[in-house]
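The block underneath contains the structure these notes are about, expressed in C-alpha cells.
We name chains A, B, ... by the order of the sequence lines, and we start the count at 1 in each one.
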There are 2 protein chains.
Amino acid sequence: MKPATIRDVAERADVSVASVSRVLNGAGPVTEATRMRVLEAVEALQYVPHSGARSLSTSRTNTIGVILPDLYGEYFSELIRGMDVAARARGYHLIVSSSHDSADEASAAIRSMRGRVDGMIVLSPHVGAANLASGLAGRTPILLMNGGADVERPSIVIDNHGGAVAAVEHLVALGRTRIVHIAGPTGNLDAEARMAGYMEAMARAGLPPRVVEGAFTKASGHEAGESLAAAAERPDAVFAANDNMAVGAMLALQDAGLRVPEDIAIVGFDDIPLVSLVRPALTTLKINIAETGKRALQRLVGSIESAGEVAAAACEVVRPELVIRPSSVAATTPANRYARHRSLATAGEAISKGEHPDDQV
Amino acid sequence: MKPATIRDVAERADVSVASVSRVLNGAGPVTEATRMRVLEAVEALQYVPHSGARSLSTSRTNTIGVILPDLYGEYFSELIRGMDVAARARGYHLIVSSSHDSADEASAAIRSMRGRVDGMIVLSPHVGAANLASGLAGRTPILLMNGGADVERPSIVIDNHGGAVAAVEHLVALGRTRIVHIAGPTGNLDAEARMAGYMEAMARAGLPPRVVEGAFTKASGHEAGESLAAAAERPDAVFAANDNMAVGAMLALQDAGLRVPEDIAIVGFDDIPLVSLVRPALTTLKINIAETGKRALQRLVGSIESAGEVAAAACEVVRPELVIRPSSVAATTPANRYARHRSLATAGEAISKGEHPDDQV
DNA sequence: CTGTTAGCGCTTTCAC
DNA sequence: GTGAAAGCGCTAACAG
C-alpha cells in the first residue's frame, strides 16, 4: 500500500499526468472542470507530491544546507533561528550539519550535500577558501560566514577588529589600564581579528597588552578567569573574545572574591541572550545574531534565484555595537545595593521588552 | 560546465554506468582493474554522486526531518544537538523545520517533507495524534515527542507528572507552604501534566494550590514574578513549569527586593545550561536534553532500518531528576557571604566539569 | 486546453 | 565480471 503517485491521480481523474502537474503547480492553462477532477482525485488519494522526484527534474531542491562547526550554545541556535525564519518565508528548507572536527569532515559534509541543496552557508573555520575553490561544492552557490573576509566570493563577516577596538577604548575611557584579553582559539579568523583589534587599541592607548588563551568555551573562560585571579599582577579589566568566555571568566573571578565591575570590569563579544541574565549583566559587542543569519539566507537565496546574474559577490560587513551593561560600568549611585538594583532592572527590562523573544519548551 | 554525472565517469573509464555504480557502492563484483579505472575517472572528473537522484531510485533519503514549534532558547538547540550527533553517527542528515504557529502550518510542513525524509521527529504540540493518523505523513515513520503519551505509536515522553510531584515535595520538605505554580501554555501537554502533578502533590500535602499563567517564555515568567511580588499574600516558593519561566520569575522577584531562596525558593524544569549560570543557580528537574534528542533519533532510525519489523511502537518515558541548587536551598553556613560563595562554586564546578560541553562562536 | 514523451541521475535486475 | 535497460516520480517541451 504505497503512497499515491501523480500517475494514480491522473488515472483516477481520467486526465494525463501533465494536467495533474499543471493543476498542482498552477502553471499552464487548465479547464475549471479538469481542475476540479484533479483536485478531487488528489483529495481522495491523499496525494502528496514527492519532492525528491520533483527536485530531480527541476534540479531545484528548495533546500539550503548550513555547515556549522558545532551546535553548542546560543550563538548558533540564534543564527539558525534567523535562517529558518527567512527560509520558511521563501519556501526553503534548512538542512543543518555540524560537529566537523576536521577540514576533511567538513569537506565530506559539504560534498554529501550535492544534489540535496540549492546552496549552502558555511561557517566552518576549517574550510578555507582554497578548499571551496577546489570545486568542493561544484557549482553550488555558497555563502561564507567563517570570519575570512573573502573578496572573491559572497560572504558576511563581522567587523571583529572594529568591535575589539571599541571594547578596549571603552575600558580605557573608564580608566582601566591593566586590560587583559582572553583570546579565542588560534586558527579561528574571528578570534584572530578580535585579538588584532585588541593589540592595536592597546598600543594606541600606550598600554601593555596581555593575552591569555581561550577556546571560545565557557570552560576555557572560566579557566582563564581562575588564572587571572591567581596572577601576581591582577588586571582591572578583561576583554574576552566572546560572551561565553566572558561569562565563564566572570564566574571564576567572582568565585575568587573579586567584585565586578568594581575590582575588575568585563566586556564580551556577540551579545548572546545569556549575557543579560547573568549578574552583573555583561557589557558586550552586540551582533544581532538572528538578523545576521536571516540576512545570510536572504542573500544566498537571492543569488540562487537570480541564477548567476549579477551575483553581487560582495563581502558584507556587520558592525557590532557596544552595549554597555553593569559588568563594566557600576551604577552611578555609589551605594552598593543601588548598584545591584540597577543591574537587575537592566536585565528585567531586556526581558520584558522581548529583546530576546524567548523560548518555549 | 555542469557537474559530472555517473555517465561521464562511465564514459571516461570506458565501462558501463552499472560498473561505476558497483564500484562506488562497494556492491557487486568488480575486477580490480575496472575498479581502478573508475576511481581514477571519478577523481579526474571531481565526481560526486547526486544524492537526490540516488534517493529517487533507492527511495531512501538518509535524511530525517525534525518538526519543532519554535527555535528559541536552549531547550531546542540542545535537543537538535543531540539529534545531530546521533544522525551523523549513522550517516543521516537533519532537516529542521520550526515556527509553526498553527496546526495547519505544522501539517503543511510535515507534508512538504514527503519524499525528502525517511522519517520524522515531531514536537509540535499542535499536531495531535489525530492529524498524524489521518495519513498526514503517509507511510513515513514518525516519532512523537510532543508530550502526549501515545501508546499507539512510537514516542518519547517526559515524566512530567512525576517531576512536578518531586518538585513540590522538595519544597514542602523545605518547609515552604505557600507554593505557587507558574504554568505553561494551555494546550501544551507537557505543561498540563506538570500542572496536574503540582495539583496532586499540593493536595496530598494538604496545601492550597495557586496557579499563575505563563507561556514557557522568560518574559512570561518575568511577568508572573512581578505579579507575585506585588500580590497581597506573597508566596514562599515558586515552581515554574520550565526553566525559562523560572529564570524570568527569579529576576523579577529579585528586582522587587526579594531574596532567593531566603524569602522565596524557586524550582524550574528542564535543566537548560543557563540555569547553572544565573545567581543563585536554579534547582530544577533535570532532563538530559541532548541525550533525549539522541535517543529519539536512534529509535527512529532503528525503526526505519528495521523496515517495519518489530516496530517497537512503544512509548518511552524519560524520568527527570531533581537537581538541588541554591535557588531552593541556601548554603548550610548561615553567613551570607558564604552562601554567596557556595553558589558561585557550584556554578563554577558545573562549568569546569564540562557538564554543558559548551559553545563556540 | 490537453496528452505524449523524453529525460533528471542513479540503482538494479537480468542476460551475456 | 560486465553491460543494457527498465524504472524511481515528476516536470517540461512539443504536438495535437
Assess whether one donor atom and one acceptor atom, taken from the side chain of A:Arg22 and the base of C:dG3, lie less than 3.5 Å apart.
-> yes
How many whole angstroms separate atom [atom1] of [X] from atom [atom2] of [N]?
X	N	atom1	atom2	answer
B:Asp14	D:dA4	CG	P	11 Å
B:Asn62	C:dC10	CG	P	16 Å
B:His50	C:dC8	NE2	P	11 Å
A:Glu32	C:dT2	CD	C1'	16 Å
A:Arg114	C:dG9	CZ	C1'	8 Å
A:Asn25	C:dT2	CG	P	15 Å
A:Leu24	D:dG9	CG	P	16 Å

Just by distance, with hydrogens left out, do [X] and [Y] show a side-chain donor and acceptor under 3.5 Å apart?
X	Y	value
B:Asp70	B:Ser98	no
A:Thr61	B:Arg116	no
A:Asn25	A:Arg54	yes

Looking for any heavy atom pair under 4.0 Å, which part of the strands does B:Val20 touch: base, sugar-phosphate only, or nothing?
-> nothing
Answer with base, sugar-phosphate or nothing: what part of the nucleic acid does B:Thr34 contact at a heavy-atom distance below 4.0 Å?
->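 Sugar-phosphate contact only.
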5'-most contact on DNA chain D (nearest-nucleotide basis), B:Val17 vs A:Lys2, goes to B:Val17
DNA chain D nearest-nucleotide lookup for B:Ser57 and B:Ala18: closer to the 5′ end is B:Ala18
Per nearest nucleotide of DNA chain C, the residue lying toward the 5' end, B:Leu56 or A:Ser16, is A:Ser16
Is atom CZ of B:Arg88 surrounded by more than 12 heavy atoms (other residues, nucleotides or ligands) closer than 6.0 Å?
-> yes
Do other residues, nucleotides or ligands put more than 12 heavy atoms under 6.0 Å from the CZ atom of A:Arg90?
->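 More than 12 within 6.0 Å, yes.
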Minimum-distance nucleotide (side-chain atoms of [X] versus [options]):
X	options	value
A:Ile6	D:dG3, D:dC10, D:dG9	D:dC10
A:Thr31	D:dA4, C:dC10, C:dC1	C:dC1
B:Thr58	C:dT4, C:dT12, C:dC1	C:dT12

Check whether any side-chain N or O of [X] sits under 4.0 Å from OP1 or OP2 of [N], and answer yes or no.
X	N	answer
B:Ser55	C:dC10	no
A:Arg54	D:dG9	no
B:Ser21	C:dT11	yes
B:Ser19	D:dG3	yes
B:Arg7	C:dC8	yes

Would you say A:Ser21's side chain and A:Val17's backbone share a donor-acceptor pair under 3.5 angstrom?
->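 It does not hold such a pair.
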